[in-house]
Trainee: 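Let me begin by handing over the structure; questions about it come next.
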Amino acid sequence: MTINKIIKEVKKSNPGANISLIRHAHRFALSAHKKQKRENGEAYIEHPLNTAFILAQMKMDTPTVTAALLHDVIDDTPHKQKVIKEKFGEEIAFLVKGVTKLGKIKYHGLERQVENLRKIFLAMAKDIRIILIKLADRLHNMKTLDALPKRKQKRIAQETIEIYAPIAYRLGIGRLKGELEDLAFPYIYPKEYDWLIRQVQTKYQEREAYLKRVRLSLKKMLAKEKIIPIDIHSRAKHYYSLWEKLERYNMNFSKVYDLVALRIIVKNPKDCYNTLGIIHKKWKPLPGRIKDYIAAPKPNGYQSLHTTIFCLDGKIIEIQIRTPKMHWEAEYGVAAYWQPRELRKPKLNLIPRDKKLEWVKQLKDWQKNVKKSREFLDSLRLDFFENRIFVSTPKGEVVNLPEGATPVDFAYHIHEELGHRCGGAKVDGQPAPLFQPLQNAQMVEIIVHENAQPSQKWLKFVKTNYAKNKIKDWFKDQKLPSRPQGTYLNSQTTNIEVLATDRIGLIRDVTNVISKEKINIHSINTSEPVNGMAVGLISLQVPNTNHLKNVLKRLKKVKGVWNVKQI
Ligand code: MN
């Protein structure tokens with residue numbers, strides 16, 4: 001990274017920026033870090049340079065970029081705050097001091113975490129730019145995490161996912177949140193990461209090729225109605241957020257409609273709604289999936305229209321529609337309002353900026369009123385770590401679980417085998433039943449029995465999908481008693497409706513599933529495919545409702561099937 005590259009980036013958004021100030025800060029940092037090396041062997045100055053560049057890309061103002069160049073000067077070298085104040089003025093000295101005070105946040109158990117968060121929020125309430133510099137600093141550190149020893153890597157990655165990424169999200173800086181998480185992901189869950197990458201590679205490619213066709217079709221459609229989109233692009237979901245979503249859907253890719261979403265940028269909100277209408281005229285929306293975040297923005301300020309539609313070939317895709325301003329804000333959130341002061345039009349920006357920073361103001365008030373750290377963390381967690389709890393192993397490793405999670409969830413979270421062999425639990429040293437929901441900050445120890453094995457009862461109380469799936473898998477692996485071959489005297493006729501993408505072999509696959517369950521088929525009727533989607537009406541002779549549920553479940557897994565229901 002070079003200072004000229006940074007200056008070029010600054011000038012893009014702010015031609016009148018004070019360049020000599022930036023150069024001055026660069027020279028100052030250069031001499032301050034002269035003898036220092038980073039862990040990967042390169043000169044230390046690379047780090048502040050890269051941090052400053054990230055902020056320049058975010059179109060931050062000159063004091064922020066300058067402070068970023070100086071952000072480690074006090075911390076890592078004998079230079080004093082006073083010198084910075086004399087040379088660079090009050091504002092920059094204040095920012096540098098703020099970042100320095102945040103210091104090296106360490107993620108060690110709950111109490112440390114309370115302290116860390118308190119520091120962060122105090123700084124945030126003072127000046128949001130301090131946090132933005134800290135986030136950029138962390139982003140660059142994550143990019144160069146490889147050079148650190150293994151043990152440190154994991155701790156820093158953990159802290160990034162559990163503290164910094166949620167802050168970026170809360171500030172509405174979607175791009176930073178996604179990047180931070182994706183950089184941390186392989187260090188924390190290496191196996192899951194590898195698995196996901198393997199799964200996703202071809203899926204992303206196929207999806208891209210398909211979306212290219214959709215894009216063309218969309219352009220024509222919109223042109224007919226005299227809407228010229230500024231941009232239509234597709235964007236692959238970030239890996240970590242994809243993995244989180246897959247966890248919610250039992251690792252079923254077909255349920256993740258926004259694996260690659262299509263984004264349409266049009267010039268104003270009116271065009272957004274018009275575009276939505278035009279799309280719905282041609283492609284039917286999935287009920288319940290239209291979201292108007294323009295009329296009702298998310299708490300972090302995010303605005304956009306979302307819809308999920310049956311598109312070309314009957315495939316389901318998600319489309320997001322927004323204006324360039326909404327787009328910029330979705331990517332850079334609160335930072336979007338920190339344009340160079342020289343360019344800011346006070347009256348124009350006052351309203352959204354105040355609105356956006358409402359949350360920070362609330363935090364400031366909170367800080368005044370809340371003294372006990374426990375209370376502070378609890379109130380934060382409501383918002384931040386939505387319904388998550390932190391418990392620890394006897395060795396002090398922190399585990400983050402959803403609220404209501406039980407010792408069984410905990411055991412599976414640590415390791416699948418530990419889950420299967422889980423015979424009992426101790427919570428804070430006391431024996432506790434396996435179904436007892438865990439509380440924040442408890443220490444959990446799993447008691448392993450050689451002969452222990454999962455119980456069907458566990459499925460009733462475990463909270464995480466991960467544990468649920470592992471238990472179900474275990475039962476699948478056991479030999480189930482063969483199905484009784486009773487007569488179908490009491491059976492009754494039932495009709496089901498199958499909604500599917502039409503393809504050769506579909507009917508064969510569907511009927512195979514049904515006959516494997518030893519169910520008689522009375523009749524099959526299929527509709528003419530519309531947009532590649534076909535509806536099949538199947539009349540069955542089903543012995544009992546449980547049996548039917550099974551069939552419905554299996555049918556949903558047939559390739560191309562979107563939905564199956566009893567009618
Ligand atoms: Mn740093």
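Along the sequence shown, residues carry numbers from 1. As the structure lists them, so they are numbered: ligands from 1, and atoms in each ligand from 1. None of these values were measured; they are calculated from a predicted model.
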Trainee: Restricting to N/O/S, name the atom of Asp137 that gets closest to the Mn ion (ligand 1).
Mentor: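 Result: OD1.
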Trainee: Of all the N, O or S atoms in Asp72, which has the shortest distance to the Mn ion (ligand 1)?
Mentor: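 The closest N, O or S atom of Asp72 to the Mn ion (ligand 1) is OD2.
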Trainee: State which residues pass side chain to side chain contact (heavy atoms under 4.5 Å, CB included) with Glu179; sequence neighbours excluded, sorted by chain then number.
Mentor: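 Side chain to side chain contact (heavy atoms under 4.5 Å, CB included) check on Glu179 returns Leu139, Lys143, Arg175.
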Trainee: Does His140 bring an N, O or S atom to under 2.8 Å of the Mn ion (ligand 1)?
Mentor: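 Looking at His140, which is the residue asked about, there is no N, O or S atom under 2.8 Å from the Mn ion (ligand 1).
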Trainee: Vertex the Mn ion (ligand 1): angle to NE2 of His71 and NE2 of His47, to 10°?
Mentor: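 With the Mn ion (ligand 1) as the vertex, NE2 (His71) and NE2 (His47) sit 90° apart.
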Trainee: Has the side chain of Asn250 got a donor or acceptor atom that lies under 3.5 Å from a matching backbone atom of Asn252?
Mentor: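 No, the answer is negative, given that no donor and acceptor are paired below the 3.5 Å cut-off.
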Trainee: Of all residues at least two apart in sequence or in a different chain, which pass the side chain to side chain contact (heavy atoms under 4.5 Å, CB included) check with Arg27?
Mentor: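 Scan of Arg27 (side chain to side chain contact (heavy atoms under 4.5 Å, CB included), adjacent residues dropped) gives Arg23, His24.
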Trainee: Have His33 and Asp72 got a donor and an acceptor in their side chains that come within less than 3.5 Å?
Mentor: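 The criterion, which ignores hydrogens and geometry beyond distance, is not satisfied for Asp72 and His33.
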